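Working notes, structure below.
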Amino acid sequence: MRIATWNVNSIRARVERLVPWLAEARPEIVLLQETKCLDEQFPREPIEELGYQIAQVGQKSYNGVAILARDRIEDVRVGLGDERFERESRVLSAQVGEWLVASVYAINGQAVGHERYHDKLAWFAALRAHLAERFPLSEKVVVGGDLNVTRDDLDVHDPRLWHERILCSTPEREALRSLFELGLEDALRRFHPAGGVYTWWDHYTRAFERGNKGLRIDYLLLSPPALASCTAVEVDLAARRGLKPSDHAPVVATIG
DNA sequence: ATGGTGGCGAGGCCA
């Protein structure tokens with residue numbers, strides 16, 4: 001089976017890319033971020049017609065996360081259980097068959113030192129506590145999403161340009177590493193240890209079109225039992241090409 | 001190229 005994560009940057013704007021992608025890739029579980037719509041605006045029908053169940057939580061204009069699955073989606077939980085962060089729709093977790101999954105959209109942080117940067121670091125601490133509580137590592141766990149941080153300079157096309165900037169600062173990377181220390185493994189890096197595999201390219205600077213000037217900020221974090229049956233993790237660059245792409249590409253793990 | 005895009009929603013915020 002396959003489990004994917006994709007920041008679609010508005011599901012209403014991306015449904016014409018998402019639906020053909022689902023029909024072609026046919027992942028069993030899909031974790032979406034930045035759906036950017038209220039519940040009643042979510043384009044359920046074309047996704048359900050492909051055989052997917054949908055769990056999602058959204059808000060007007062910003063954020064929003066979803067889980068799509070061909071199996072029943074059960075035990076759905078919204079948020080981190082931390083009242084400081086419940087105003088924004090950034091975390092959705094559920095059980096799908098034997099899998100415990102979460103779709104996660106980290107705070108961007110705007111700039112190092114910005115008020116939102118400090119929010120981001122506090123949010124990561126809350127995420128870590130939530131994962132420690134809700135995701136026993138003896139289970140098959142997949143935490144996927146846009147974590148808005150590079151692991152190290154192997155995730156950066158131009159480390160000198162990005163040195164200690166937002167998405168690349170040492171405190172953000174330490175916050176990310178605290179998730180690994182729970183026992184969750186960065187599956188994309190496991191299968192691409194040399195790095196240079198990116199998942200996001202800035203629209204503003206036309207970073208994809210100018211030649212793969214990307215960052216890797218999207219993750220599939222796997223527990224040991226999930227990793228043991230994982231045979232490949234790839235970034236689907238075809239989804240980043242063509243008409244009206246998201247600024248992120250999907251990350252797809254083949255498991256079992 | 002110190003410029004430039006994209007989404008939402010209707011002017012500015014966010015990424």
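Atom set for the values below is all heavy atoms of this structure, side chains included, hydrogens, waters and symmetry mates excluded. All values reported here derive from a predicted model rather than from experimental measurement.
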query: Along nucleotides 1-10 of chain B, 5' to 3', which nucleotides get a B, which get an S, and which get a -, given that the test is a protein heavy-atom distance under 4.0 Å?
result: ---BBSSSS-
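Between the C1' atoms of B/dG9 and B/dG3, the separation comes to 25 Å (whole Å). A gap of 23 Å separates the P atoms of B/dG4 and B/dC8, to the nearest Å.
Rounded to an integer number of Å, the gap from CD of A/Glu34 to C1' of B/dC14 is 9 Å. The interatomic distance linking A/Gln110 (CD) with B/dG12 (P) rounds to 17 Å, in whole Å. Here B/dC14 presents its P atom at 10 Å from CG of A/Asn108, a figure rounded to the nearest Å. A/Trp200 has its CH2 atom 17 Å from the P atom of B/dC14, to the nearest Å. Going from atom NE2 of A/His114 over to atom C1' of B/dC14 covers 10 Å, rounded to whole Å. Protein atom CD of A/Glu88 is 13 Å distant from nucleotide atom C1' of B/dC13, rounded to whole Å.
Under the side-chain hydrogen bond (donor to acceptor under 3.5 Å, both in side chains) criterion, A/Trp123 pairs with no residue, sequence neighbours left out. Here A/Asp75 pairs with nothing under the side-chain hydrogen bond (donor to acceptor under 3.5 Å, both in side chains) rule; sequence neighbours left out.
For residues 214-229 of chain A, every residue pair satisfying the salt bridge (Lys or Arg N to Asp or Glu O under 4.0 Å) rule, not counting sequence neighbours, is listed here: A/Asp155-A/Arg216, A/Asp186-A/Arg216. Sorted by first and then second residue, the pairs that involve residues 190-205 of chain A and meet salt bridge (Lys or Arg N to Asp or Glu O under 4.0 Å), not counting sequence neighbours, are A/Glu185-A/Arg190. Listed by first and then second residue, the ring-ring contact (aromatic ring centres under 6.0 Å, His included) pairs involving residues 7-66 of chain A are A/Trp6-A/Trp21 (not counting sequence neighbours).
For the 3.5 Å distance criterion, the side chains of A/Glu164 and A/Thr170 qualify, holding a donor opposite an acceptor.
Using a 4.0 Å heavy-atom distance criterion, A/Phe208 is classed as making no nucleic acid contact.
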